[in-house]
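Working notes, beginning with the structure itself.
This structure is a prediction, so every number in the text was calculated from the model and none was measured.
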Amino acid sequence: MRITNLNPDTAIGASAWFVQIEGHRLLLDAGVHPKREGRGGLPLYDLVKNQELDAIAISHCHHDHVGSLPIALRYFPKAHVLMSELSYFLVERVLHNSVNVMKRQREELGIKEYPLFTHDEVDDIAPVFQAFKYNREVDWAAFQKTRAGFLSPSLEFYDAGHALGSAGISVRASKETLFYTGDVCFHDQTILRKARFEGVKADVLIMETTRGNRELAPGFAREGEIERLSQAIRRVLQRKGSVLIPTFALGRTQEILALLALMVAGGQLQPQPIYIGGLGRVFTEIYDLEAHRTHRQYPNLQLHEALNLTVLEQGQAKKMKLTGGRLFVITAGMMSENTAAHDLALRMMGDETQAIFFVGYTDPDTPGGHLKAAKHGEPFLFSPSGGQATRLCEIQDFDLTAHANRGELLDFVGQVDPRAVLLGHGEEDSRNWFEEQIRMRYPRIKVIQPKPGEAVDV
Ligand SMILES: [Zn+2]
Ligand SMILES: [Zn+2]
């Protein structure tokens, strides 16, 4: 089989893997680079543009995995688009939101190429989306090939425990098999239960490596981290400061809201308005509505009933009163410009009573990363539009990741027992850690780090 890495970047970037297996062609994910502007953020579709594609399979609905799907379908108009049932409930909202964000950036940042696709285009492609339950084997070859008597390869989605609908994807042809982890979490989160990848075996494995550069402190426990966050929130509210928790709208927001709901139920937090974003509210509703289909904890916990969720209107972050203890669980997770989290952080960081708590990965090259690295009382450059700032507020980092820890992924490689592992979705030092460890622990397995645009035969 031949696999081409279409990610334009060597870091996490935009996920897109072009797979050729026994005469069939499949694209795994169609992401967009969260930090690159315009067409520079797209996967390298031009490299495979004249090849006929049978299907596109989407691992989950985060932008770095699905954000360029309408563009991919311009290159491959005949492809079916396959995804998990729960992703199917999210995908159109994610793409329509992308159009809105790109339109806003065109106006505010003057990016002329935006939007890269339109609302109409999203509506036009929606009928080709197909939804499948986890652990159902489905055929994906192009119709004309199955009609011509070709044996169709099959595909199966496995619950990846990372965000609602997230899936690892198993591809089986007549002679060979492939498994793609997507983004995966091997521990229970507050709502979502851990990945169910038991029994997965494959000849070739494509694996995420997000946390390869992160060693867990001895004795680290997620419960302890949650308790620390809970105490920190109470402490700030007691001194009448506000708490800003920057999050992504899908996944992180609902996990943090669930923690707050448990705090309210346990009497550790007084009922009060929790400010969230519009998209965060939409995804929270879907988490609530689809609770019965989700492999999760607290199946009866309905976030919108348990909490007083209040949507922060556009522009409100710039003027609302911040004294008196308010709680914000709001986008963007890395505080990119023109988001409520960015505007709130700008107003809060110079005030000692306020607190900003990070609960997920923050790229060092983003405003959130700059703020995290800033020293108390020393000026630093927050963002181009925010300019120089000085941090006096409380900043803390809580490790509540939705990604597998590196030791767990290493064990998973042993379970899958492939002849080759392709490493992706990670910084260079993360991938290198995995390469070294896999070579040491499983010397028979070939380890490959395909460069942007590189095709490898495995
Ligand atoms: Zn993700
Ligand atoms: Zn990702």
Using a strict cut-off of less than 4.0 Å between a Lys/Arg side-chain nitrogen and an Asp/Glu carboxylate oxygen, indicate whether [X] and [Y] qualify as a salt bridge.
X	Y	value
R281	E285	yes
R2	D457	yes
R441	E436	no
R439	E435	yes

Apply the test side chain to side chain donor-acceptor pair (under 3.5 Å) to residues T210 and H425: give CA-CA distance (whole Å), side-chain angles for both, the deciding distance (0.1 Å), then the verdict. CA-CA 6 Å; T210 314; H425 201 286; 3.1 Å; yes

Taking the side chain as every heavy atom from C-beta outward, state whether [X] and [Y] have any atom pair closer than 4.5 Å.
X	Y	result
L69	I56	yes
R196	Y158	no
T209	L409	no
R406	N213	no
F248	T253	no
D54	W140	yes
E85	F132	no
Y442	V413	yes

Ring-ring centroid check Y134 F157, cutoff 6.0 Å: no

Hey, do the aromatic rings of Y88 and F129 have their centres closer than 6.0 Å? no

Under the criterion ring pair (Phe, Tyr, Trp, His ring centres under 6.0 Å), I'd like the reasoning laid out for H162 against H62: C-alpha separation, chi angles, the key distance, then a yes or no. CA-CA 10 Å; H162 165 73; H62 282 152; 5.1 Å; yes

Main chain of [Y], side chain of [X]: is a donor-acceptor contact present, judged purely on distance under 3.5 Å?
X	Y	result
S87	G165	yes
R252	V359	yes
T284	G280	yes
S154	S152	no
R25	E52	yes
T366	D363	yes
S430	G426	no
N7	I12	yes
Q297	Q189	yes
E305	Q302	no

How far apart are the C-alpha atoms of V184 and F197, what are their side-chain angles, what is the distance that settles it, and do they pass the side-chain contact (heavy atoms from CB on, under 4.5 Å) test? CA-CA 9 Å; V184 56; F197 284 3; 3.4 Å; yes

Considering the options D365, D9, D64, which one meets the salt bridge (charged side-chain N to carboxylate O under 4.0 Å, His left out) requirement together with K35? D365

Do K372 and F358 meet the cation-pi criteria used here (NZ or CZ under 6.0 Å from the six-membered ring centre, within 45° of the axis)? yes

For H60 and H65, take the angle between the two ring planes, folded into 0 to 90°, and tell me which bin it lands in: parallel under 30, tilted 30 to 60, perpendicular over 60. tilted

Look at the aromatic rings of F412 and F186 and report parallel, tilted or perpendicular, splitting at 30° and 60°. tilted

Is there a side-chain contact (heavy atoms from CB on, under 4.5 Å) between L400 and I256 once you walk through the steps? CA-CA 9 Å; L400 297 173; I256 297 297; 4.1 Å; yes

When rounded to the nearest 0.5 angstrom, what is the spacing between [atom1] in [X] and [atom2] in [Y]?
X	Y	atom1	atom2	answer
E121	T118	CD	OG1	5.0 Å
R172	I21	CZ	CD1	11.0 Å
L6	W17	CG	CH2	9.0 Å
M1	D203	CE	CG	6.0 Å
L164	R293	CG	CZ	10.5 Å
E337	D343	CD	CG	9.5 Å

Identify the two heavy atoms, one from G13 and one from H33, that lie closest to each other, and give their separation to 0.1 Å. CA-CD2, 3.4 Å

Steps toward salt bridge (charged side-chain N to carboxylate O under 4.0 Å, His left out) verdict (R419, E176): CA-CA 11 Å; R419 64 171 183 258; E176 295 188 297; 2.4 Å; yes

Residues S336, H342; criterion side chain to side chain donor-acceptor pair (under 3.5 Å); working and verdict: CA-CA 6 Å; S336 39; H342 176 272; over 6 Å; no

Please indicate whether K78 has more than 12 foreign heavy atoms, meaning atoms of other residues, nucleotides or ligands, lying under 6.0 Å from its NZ. no

Counting heavy atoms not belonging to E428, are there more than 12 under 6.0 Å from its CD? no

Stepwise, does the side-chain contact (heavy atoms from CB on, under 4.5 Å) test hold for Y361 with R211? CA-CA 9 Å; Y361 175 77; R211 281 170 70 88; over 6 Å; no

Mind checking what makes side chain to side chain donor-acceptor pair (under 3.5 Å) contact with R93, not counting sequence neighbours? none

Can you name the salt bridge (Lys or Arg N to Asp or Glu O under 4.0 Å) partners of D46, sequence neighbours left out? none

Check against side-chain contact (heavy atoms from CB on, under 4.5 Å), E22 and S174: CA-CA 8 Å; E22 295 176 18; S174 64; 2.7 Å; yes

Show the atom names and distances, to 0.1 Å, of all donor-acceptor pairs under 3.5 Å that link a side chain in residues 219-228 to residues at least two apart or in another chain.
{"from": "E225", "atom 1": "OE2", "to": "R228", "atom 2": "NH2", "distance (Å)": "2.9"}
{"from": "E225", "atom 1": "OE2", "to": "D399", "atom 2": "N", "distance (Å)": "2.9"}
{"from": "E227", "atom 1": "OE2", "to": "Q231", "atom 2": "NE2", "distance (Å)": "3.0"}
{"from": "R228", "atom 1": "NH1", "to": "Q396", "atom 2": "OE1", "distance (Å)": "3.0"}
{"from": "R228", "atom 1": "NH2", "to": "D397", "atom 2": "O", "distance (Å)": "2.9"}

Y45 vs S68, side chain to side chain donor-acceptor pair (under 3.5 Å): CA-CA, chis, key distance, verdict: CA-CA 10 Å; Y45 294 128; S68 68; 2.6 Å; yes

Using the side chain to side chain donor-acceptor pair (under 3.5 Å) rule, take Q254 and D288 through it: C-alpha gap first, then chi angles, then the decisive distance, then the call. CA-CA 10 Å; Q254 294 73 35; D288 284 346; over 6 Å; no

Take D188 and R193, measure what salt bridge (charged side-chain N to carboxylate O under 4.0 Å, His left out) needs, and give me the verdict at the end. CA-CA 4 Å; D188 289 339; R193 287 189 178 277; 3.8 Å; yes

